[in-house]
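Residues take their numbers from the sequence shown, with the count starting at 1.
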Amino acid sequence: MALIALAADKGAPGVTTAAVALGAVWPRPVLVAECDQAGGDLVYRLPAAAESDPKGGKGAGSRDGGMLNPSRGLLSLAATARRGLRPDQVAEHCQRLVGGLDVLVGITNAEQAQAMTWLWGPLGRAFAGLTPVDVIADCGRLGAGTPLTDLMREADQVVLFTRATLEQVAHLRERVAALTEELRGGPPVGIIVLADPRDFRASIAEVDRIIAGTRQRVPPADAGPAPAGGPAAPPVTVLGGLALDPKGAALLSGQWGGRLDRSLLIRSAREVAGELVRRLGGASLDPVRGELPPVPRAVPQGTGPATGGGPGPAPGQGGPLAEHASAEGRG
């Protein structure tokens, strides 16, 4: 299915929160993958769902609300992928959050990333081949010459986040100019504005006005000449905004549903998810109500969200990831 790479420039404002919020309302089976080279936050921020034993019950000693396993995720996947990485290998390294969202936990520190520069291209191809699961990849902060460009080239959509401040937009404008040169012939680049709810639409419109000049901007001097007749730079579009909502972000770390579903963060995330899925193509909205699904509530492990439309059963227990792995194995 689709790979959506989320990132930011200076400070990486709210990328992890945005990735989890979008994953919570995503209308198709989804995996949130931490690919931040500086180290992931999910292990410390969000509770794990209890694992099930082979008979369908909760395993001895397992409980909802426990800590995610930092050793099971991107680090363990990299250790098994030295001889090649296939989409069906991803599932066994994923974990599930309380609330029903599948995640691939990232590395815990920047030092680990130094030995993993080879991984990003193969990982992007594996994510893109993970049918029928979409992957939202949290790439954190981008810097010059980042190896994560190899993952982004495999994406269907790159999304950059910014706050509606002069310094943030100035940094973003520079990053967009450089990134579109690096991604010539690659996926489109979208921009999401993290905006104060009191000035939401005006902030998005102002960022759109400032970024508009970047679309026709001359490439940076150190980018080198574009090859004659070579691929075009990808288009850049402001896709919308996410509400700056600290209370809503705090609710993401607890029991999903209820107040979280009515928060400004989730309401704006639902709009962004709808826009992204429409651009990616394929079925997205509720065929009866014409809406995106509500935030999945916390449910027993292995049954899937009670509301439907979110991630299925945990990896290895009959969910979309496990079904993909079985199909690959049979092939």
Hydrophobic clustering (ILVMFWY, side-chain heavy atoms < 4.5 Å, transitive) - are [Y] and [X] grouped together?
X	Y	value
Leu242	Val277	yes
Leu179	Val176	yes
Val25	Leu244	yes
Leu166	Ile211	no
Leu151	Leu119	yes

Practice problem: List the steps, then state whether side-chain contact (heavy atoms from CB on, under 4.5 Å) holds for Arg279 with Leu239. | Solution: CA-CA 10 Å; Arg279 287 175 177 271; Leu239 301 176; 3.2 Å; yes

Minimum heavy-atom distance [X]-[Y], with the two atoms named:
X	Y	value
Glu182	Gly145	OE2-N, 4.2 Å
Gly248	Leu265	C-CD2, 3.8 Å
Pro147	Thr117	CG-CG2, 4.1 Å
Pro187	Met152	CG-O, 3.2 Å
Ile266	Asp261	CG2-O, 3.9 Å
Val189	Thr180	CG2-CG2, 4.3 Å

Rounded to the nearest 0.5 Å, how far does [atom2] of [Y] lie from [atom1] of [X]?
X	Y	atom1	atom2	result
Arg175	Thr146	CZ	OG1	8.5 Å
Trp26	Asp134	CH2	CG	6.0 Å
Glu167	Thr162	CD	OG1	9.0 Å
Ile4	Leu22	CD1	CG	9.0 Å
Leu101	Cys94	CG	SG	10.5 Å
Leu97	Arg45	CG	CZ	11.5 Å

Exercise. Go through the steps to decide whether Leu142 and Leu160 satisfy the test side-chain contact (heavy atoms from CB on, under 4.5 Å), and finish with yes or no.
Key: CA-CA 10 Å; Leu142 298 181; Leu160 300 180; 4.0 Å; yes

Self-check item: Salt-bridge criterion met for Arg267 and Glu271 (N-O under 4.0 Å)
Solution: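 No.
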
Self-check item: Intermediate values then yes/no, side-chain contact (heavy atoms from CB on, under 4.5 Å), Asp36 and Arg141
Solution: CA-CA 7 Å; Asp36 191 342; Arg141 175 182 175 178; 5.6 Å; no

Measure from the side-chain N and O atoms of [X] to the backbone N and O of [Y], and report whether any donor-acceptor pair falls under 3.5 Å.
X	Y	answer
Gln89	Arg86	yes
Ser76	His93	no
Arg184	Pro231	yes
Asp245	Leu264	yes

Quiz item: Yes or no on side-chain contact (heavy atoms from CB on, under 4.5 Å) for Met116 and Leu74, after CA distance, side-chain angles and deciding distance?
Solution: CA-CA 10 Å; Met116 297 172 61; Leu74 191 61; 3.8 Å; yes

Self-check item: Sequence-distant partners of Asn69, side chain to side chain contact (heavy atoms under 4.5 Å, CB included), two or more places apart
Solution: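 Scan of Asn69 (side chain to side chain contact (heavy atoms under 4.5 Å, CB included), adjacent residues dropped) gives Ser71, Arg72, Gln95.
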
Quiz prompt | side chain to side chain contact (heavy atoms under 4.5 Å, CB included) partners for Gln112, two or more places apart | solution =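 Partners of Gln112 under the side chain to side chain contact (heavy atoms under 4.5 Å, CB included) test: Leu75, Ile107, Thr108, Asn109.
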
Which pairs of donor and acceptor atoms, one on a side chain in residues 122-130, lie under 3.5 Å apart (sequence neighbours left out)?
from, atom 1, to, atom 2, distance (Å)
Arg125, NH1, Glu154, OE2, 3.4

